[in-house]
Amino acid sequence: MSAFKPPARNGVGPSCVGLTAGPWPSLIDFLVERFPNVARHTWLERLARGDVINEHGNSITPEQACQSPYPAHTRLYYYREVPNESPIPFEEVVLYQDEHLLVVDKPHFLPVVPSGGYLAETVLVRLKNKLGLDDLVPIHRIDRDTAGLVLFSKQPSSRAAYSALFSQHQVHKTYHAIAPWRADVPMPQTRHSRITEAGHFMLQHEVPGVPNALTHIEVLQVQGNLARYALRPVTGQRHQLRVHMLALGLPILHDGLYPELTPEGQVDHKHPLQLLARELVFTDPISQTRHHLVSQRQLMF
């Protein structure tokens, strides 16, 4: 198998799709069926710009895509694009970096990696463009709505060692959250439950069964009918902290998903989700340095 991969363009790496065997007479027929949200004329424009490349590194022309036989059992690279992408008016901050590792303090609303309608306005693409680090890859992720610390790997050679820290639960993570204060909910406590998809692709919920999500929760400060909580997840289920707090009757302040799903496109920059990935503690697998990283951002009651 060829090891070729096209370089990043403007901080955006190429996407790859395998051309499986099938009934398509030409490449353009495959692309239109495989990506129903991308119009035929859009693919032809991309082809004309040289944005669609075969596994040998050659750009495919519109004529080749329309007239040549479908090239089954090969790979195709293309560059995603998001037309009219809205700028996100908040900046990421690099807190620490060395030869192998980079740690970012992410603002609310900014995604970590490209997805859906976000491409250039993501932490990964911004950093690649600002720092010229084409090999940069996030070791873990936090939600777009959540602010705080994210670790990135700068070197492919050491990436597996840092990824193992998370898979082996050797990174101690502390989040802060602002949520209702209720005297009838005992604290501190450990929430241990099973979380699965809730029937909507954006939502999760607790269900009976073998637990797969574990979070330690304690109160740090009470102010009126709200409190600041420290949340220490041991596992990493999607939306784990938001689901666990909701299950306790303590939904995190300004959560646009739980308990009620906000309609798509209704983003309120004045009221961010009050959830912050505040601290990361771990021993560097390369230098053996003990890192204790703390976000500079603050939540608001």
Are side-chain heavy atoms of T122 and V112 found at a separation under 4.5 Å? no
Using modelled atom types and a 3.5 Å cut-off, is there a donor and acceptor pairing between side-chain atoms of Q296 and backbone atoms of D105? no
Between F35 and F30, is the ring centroid distance below 6.0 Å? no
Just wondering, are more than 12 heavy atoms of other shown residues or ligands nearer than 6.0 Å to CD in Q288? yes
Centroid-centroid distance, F109 to H269, less than 6.0 Å: yes
Using modelled atom types and a 3.5 Å cut-off, is there a donor and acceptor pairing between side-chain atoms of S295 and backbone atoms of R297? yes
Between S193 and H244, is there a side-chain donor-acceptor contact under 3.5 Å, judged purely by atom types and distance? yes
Check the side chains of H205 and Y258 for a donor-acceptor pair under 3.5 angstrom, ignoring hydrogens and angles. no
If we ignore angles and hydrogens, is there a donor and acceptor under 3.5 Å between the side chains of T283 and R290? yes
N/O donor-acceptor pair under 3.5 Å between D143 side chain and D145 backbone: no
Output yes when a side-chain donor or acceptor of Q168 lies under 3.5 Å from a complementary backbone atom of L165, and no otherwise. no
Is a side-chain donor or acceptor of T262 paired with a backbone partner of G256 at a separation under 3.5 angstrom? yes
Is it true that a side-chain atom of D29 and a backbone atom of W24 form a donor plus acceptor pair closer than 3.5 Å? no
Are the side chain of K154 and the backbone of D98 linked by a donor-acceptor contact shorter than 3.5 Å? yes
R49: partners by side-chain hydrogen bond (donor to acceptor under 3.5 Å, both in side chains), with sequence neighbours left out: D51, E81
Whether the side chain of E55 engages the backbone of T74 through a donor-acceptor N/O pair (distance < 3.5 Å, no angle test) should be reported. no
Examine distances only and state if a side-chain atom of H169 and a backbone atom of V234 form a donor-acceptor pair shorter than 3.5 Å. yes
Using modelled atom types only, decide if a donor and an acceptor are shared between the side chain of S59 and the backbone of I53 within a distance under 3.5 Å. no
